[in-house]
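Computed from heavy atoms alone, side chains included, the values below leave out hydrogens, waters and symmetry copies. Please read all numbers here as calculations on a predicted model, not as lab measurements.
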Amino acid sequence: MQQLEQTLKTALQAAAQATFGQEIPAASLVLQPTRKDFAGSFTLVTFPLTKAFGKGPEQIGQALGEWLKANAPAVRGYNVVKGFLNLEIADAEWLKLFGELLASPAGAPVPTGGPQRVVVEYSSPNTNKPLHLGHLRNNFLGYSVAEILKATGATVTKANLVNDRGIHICKSMIAYQRFGEGATPESAGLKGDHLAGKYYVLFEKHYREEIKQLEAEGVTNEVAKKQAPLMLEAQEMLQKWEAGDEEVMALWHRMNGWVYDGFNATYANIGVDFDKFYYESGTYLLGKERVEEGLAKGVFFKKENGSVWVDLQAEGLDEKLLLRADGTSVYITQDLGTAELKYQDFGYDSSIYVIADEQNYHMQVLQATLKKLGKPYAEAIHHLSYGMVDLPSGKMKSREGTVVDADELVKEVEEAAKAATLEKGKTEGLSDEELAQLYHTLGVGALKYYLLKVDPKKRMLFNPEESVQLTGDTGPFIQYSYARTSKIQRTAKETGVVALTEISEISALEPAESELIQVLAGYANAVAEAAKTLSPAIIAQYAYEVAKSNNRFYKEVSILKESDPLKKSFRVALSAKAGETIKTTLGLLGIEVPERM
RNA sequence: GGUUGUAUAGCUCAAUUGGAUAGAGCAUCUGACUACGAAUCAGAAGGUUUAAGGUUCGACUCCUUAUACGACCA
């Protein structure tokens with residue numbers, strides 16, 4: 001694509017010189033793909049040239065187009081609609097472009113001049129409850145953004161900061177001590193994260209009852225919340241934890257171990273991975289050191305009660321608490337430590353935090369605070385802020401039992417894929433393991449595509465019925481398009497058809513062919529744009545576009561039934577390239593492709 | 001109260017960053033399988049882009065004000 005666009009731009013400059021004796025300013029020399037309803041493949045907008053050239057937009061378009069048609073071999077024809085010059089490209093140019101595509105291997109890096117060493121932090125779960133739908137959007141986004149950045153040639157580290165300490169963990173532990181009766185994941189027949197989550201819910205339930213009880217005795221709600229025995233116990237446990245109490249630590253290790261086993265199973269199931277785990281329990285002390293450093297430098301200050309604050313009013317933010325009066329840390333304390341650890345470990349020039357948009361303010365504070373400390377990595381911090389996932393019934397609330405559990409959801413989409421596959425009845429000869437793998441590929445593919453196709457920064461609605469849809473703008477639609485190309489390649493191999501490598505002998509192209517080539521050539525653009533904006537949605541849209549174009553090509557021209565052997569092997573090659581592009585593009589979203597479905 | 005985000009077809013989302021007649025999918029209607037795989041393709045219908053002003057050759061996009069919903073900070 002780069003080369004063809006360059007050819008056209010050079011030709012346009014020559015045309016402008018020849019007809020108007022002037023250059024087209026670089027800012028105006030932007031070619032955009034021609035809209036569907038008009039003839040042509042590339043469009044130059046001529047409105048901006050009217051002043052410089054002293055002519056009307058249509059006159060300019062006519063003059064440039066006429067010159068190009070006569071003098072530029074790449075341009076086969078043109079048409080002018082108002083201020084738009086649409087250029088039709090000669091088949092030979094499309095073939096040359098296809099030759100370039102064939103020469104560049106699948107997944108070749110797309111250099112963008114963006115950051116080279118990147119840390120993407122995502123997932124970052126709490127160890128007191130299992131993953132839910134909201135985490136899925138986070139995990140899919142983080143994984144995908146990391147893959148997209150890798151595709152630009154960057155060295156990317158996927159990091160997971162586990163929130164493994166704090167009062168919420170103690171709540172689960174207290175409830176387990178009281179009601180657990182020594183249960184283990186094995187004895188309970190539950191994944192470890194679900195087991196821990198069960199006790200967290202139990203804590204909340206009994207805690208609410210205690211509050212009610214106290215209120216009945218005439219205590220105000222506010223006081224009751226603080227004085228409920230369960231809460232006092234939990235706080236006592238937190239202090240013991242900070243003091244390193246042996247018994248508490250043993251229980252903490254034991255329960256967290258269960259939870260990690262559960263998380264790892266979920267991660268494996270949804271196909272995300274990490275290069276590095278950080279634990280809040282291992283970073284909050286370093287964070288406290290940074291607070292001390294800030295005090296020593298005089299950029300933080302202490303209030304009379306001993307709490308430590310940073311004043312960010314000059315940055316348009318407020319005063320922010322960094323350390324409580326009793327010396328215990330708050331959320332941001334450990335963030336200061338973690339940022340530094342990550343920098344020590346990986347020396348990033350970009351550090352991406354995949355965190356929901358409710359933390360926008362928090363992330364601004366973190367960055368501003370690091371700047372105050374004069375940390376060189378403060379500028380490298382980027383918050384990939386994404387919107388919440390809503391359910392048709394409203395917001396997810398664990399307290400009201402309206403959470404969608406991640407493991408459950410995956411099971412459901414697999415079931416839907418299974419039902420649809422059995423109905424189609426096209427999978428004869430596949431083993432049970434292969435079938436299970438297929439249902440998983442399709443189900444998770446549908447789910448990932450559904451969550452990733454929406455612009456990350458937008459709040460989105462999760463419709464359970466739509467998420468398991470397999471037709472239309474969905475993951476399986478694109479996977480199906482791939483499966484067809486795969487079948488073509490298998491049959492071609494069996495019948496001894498060899499994909500063309502020397503394209504110069506092909507003469508005329510069908511519209512569906514040149515269009516597909518143009519779409520395939522857009523891969524680099526899509527990756528560059530997605531990397532710049534940290535938006536997998538752009539990749540999802542591109543994948544959909546490729547699949548559509550590939551389907552049209554499949555429908556409109558014969559591939560294996562073509563009688564001309566040269567054309568046949570050209571089309572086999574084009575189909576193969578389309579399949580390959582779909583595979584690498586979906587790969588950037590963490591979606592796999594089936595050879596059959 | 002302060003800061004901030006969002007508002008596009010019945011529903012869920014796009015719109016190449018200021019360009020053409022605002023596009024897809026779902027749902028509705030019509031057509032195409034003795035055709036390389038119909039999980040597909042072709043088509044119809046569906047819009048005062050929340051409202052009112054402004055900027056200019058040109059606005060869903062930028063500016064002002066208002067309204068609605070959300071998030072965060074006291």
Side-chain angles (χ1 to χ4, degrees), chain A residues 28 30-38 43-51 56-57 79-86 312 316-320 356-365 385 387-388 390 392 394-395 417 420-421 423-427 442 446 449-450 453-455 457-463 465-467 469-492 495 497 512 522 525-526 528-529 532-533 537-538 540-542 544-545 547-548 550-562 568 571-572 575 594 596-597:
Chain A
S28 304
V30 179
L31 288 170
Q32 41 187 281
T34 301
R35 293 184 76 104
K36 276 277 147 43
D37 308 329
F38 299 91
T43 297
L44 179 77
V45 184
T46 59
F47 286 109
L49 302 176
T50 51
K51 271 177 198 155
N79 63 83
V80 175
V81 183
K82 295 195 260 182
F84 300 90
L85 170 60
N86 299 322
L312 298 172
L317 304 166
D318 280 324
E319 289 184 355
K320 178 76 184 177
D357 61 10
E358 57 188 357
Q359 302 285 343
N360 282 355
Y361 182 76
H362 175 83
M363 289 305 294
Q364 281 182 39
V365 169
S385 164
M388 294 281 166
D390 281 324
K395 193 182 173 179
T421 304
E423 195 191 320
K424 300 289 175 197
K426 292 193 274 194
T427 49
L442 293 176
Y449 188 83
Y450 183 81
K453 73 174 174 179
V454 181
D455 185 341
K457 69 169 184 282
K458 285 195 179 170
R459 206 179 174 90
M460 70 176 287
L461 185 75
F462 182 84
N463 184 326
E465 281 152 38
E466 276 179 25
S467 70
Q469 278 285 335
L470 311 175
T471 60
D473 184 8
T474 67
F477 170 93
I478 302 166
Q479 289 170 321
Y480 178 72
S481 190
Y482 173 84
R484 281 171 148 184
T485 67
S486 174
K487 181 64 188 296
I488 295 269
Q489 296 310 310
R490 285 198 298 275
T491 314
T495 54
V497 180
N525 257 337
E529 189 64 21
K532 197 173 92 186
T533 57
I538 288 167
Q541 277 166 42
Y542 176 70
Y544 182 60
E545 203 183 322
K548 274 188 118 171
N550 185 47
N551 288 350
R552 214 171 298 132
F553 162 68
Y554 183 92
K555 182 74 180 179
E556 283 179 18
V557 306
S558 296
I559 301 171
L560 294 169
K561 297 208 163 178
E562 169 60 45
K568 188 198 281 194
R571 285 172 187 169
V572 167
S575 176
R596 291 177 59 184
M597 63 187 276

>> Once you apply a heavy-atom cut-off of 4.0 Å, does A:Tyr544 come out as touching a base, just sugar-phosphate, or nothing?
In response: sugar-phosphate
> So, is A:Tyr554 close to the B:rC36 phosphate, meaning a side-chain N or O under 4.0 Å from OP1 or OP2?
Replying inline: no
> Hey, does A:Ala492 reach any base, or is it just sugar-phosphate, or nothing, if we go heavy atoms under 4.0 Å?
Replying inline: nothing
>> Whether the side chain of A:Ser481 and the base of B:rA39 hold a donor-acceptor pair under 3.5 Å is what I'd like checked.
In response: no
>> Over all strands shown, is A:Pro48 touching base, sugar-phosphate only, or nothing at heavy-atom distances under 4.0 angstrom?
In response: base
With the criterion being N/O to N/O and under 3.5 Å, what pairs connect the protein with nucleotides 27-35 of chain B, and how long is each?
none

> With the sugar-phosphate defined as primed atoms, P, OP1 and OP2, and the base as all remaining atoms, what B/S/- string results for nucleotides 9-16 of chain B, 5' to 3', for protein heavy atoms under 4.0 Å?
Replying inline: ---SSS-B
> Looking across every strand, which nucleic acid part, if any, lies under 4.0 Å from A:Asn550 by heavy atom: base, sugar-phosphate, or nothing?
Replying inline: nothing
> So what does A:Lys548 hit on the nucleic acid, given a heavy-atom distance under 4.0 Å: a base, only sugar-phosphate, or nothing?
Replying inline: sugar-phosphate
> Which nucleotide, B:rA39, B:rG37, B:rG19, lies nearest any side-chain atom of A:Arg596?
Replying inline: B:rG37
> What interatomic distance, in whole Å, is found between P of B:rU21 and the corresponding atom of B:rC60?
Replying inline: 11 Å
>> For RNA chain B, please output the secondary structure as dot-bracket, reading 5' to 3'. Pairs are Watson-Crick or G-U wobble, both atom distances under 3.5 Å; mark crossing pairs with [ ], other-strand partners with |, unpaired with a dot.
In response: (((((((..((((.....[...)))).(((((.......))))).....(((((..]....)))))))))))).
> Mapping A:Arg552 and A:Leu85 to their closest nucleotides on RNA chain B, which lands nearer the 5' end?
Replying inline: A:Leu85
>> Once you apply a heavy-atom cut-off of 4.0 Å, does A:Val557 come out as touching a base, just sugar-phosphate, or nothing?
In response: base
>> Check this one for me: any side-chain N or O of A:Tyr480 less than 4.0 Å away from OP1 or OP2 of B:rA39?
In response: yes
> Is A:Lys82 near enough to B:rU21 that one of its side-chain N or O atoms lies under 4.0 angstrom from OP1 or OP2?
Replying inline: yes
> Quick one: the side chain of A:Asn551 and the base of B:rA39, do they pair up donor-acceptor inside 3.5 Å?
Replying inline: no
> So, is A:Lys487 close to the B:rG37 phosphate, meaning a side-chain N or O under 4.0 Å from OP1 or OP2?
Replying inline: yes
> Across the strands shown, which category fits A:Thr50 at heavy-atom distances under 4.0 angstrom: base, sugar-phosphate, nothing?
Replying inline: nothing
> Please walk me through it: do A:Lys457 and A:Asp357 pass salt bridge (charged side-chain N to carboxylate O under 4.0 Å, His left out)?
Replying inline: CA-CA 8 Å; A:Lys457 69 169 184 282; A:Asp357 61 10; over 6 Å; no
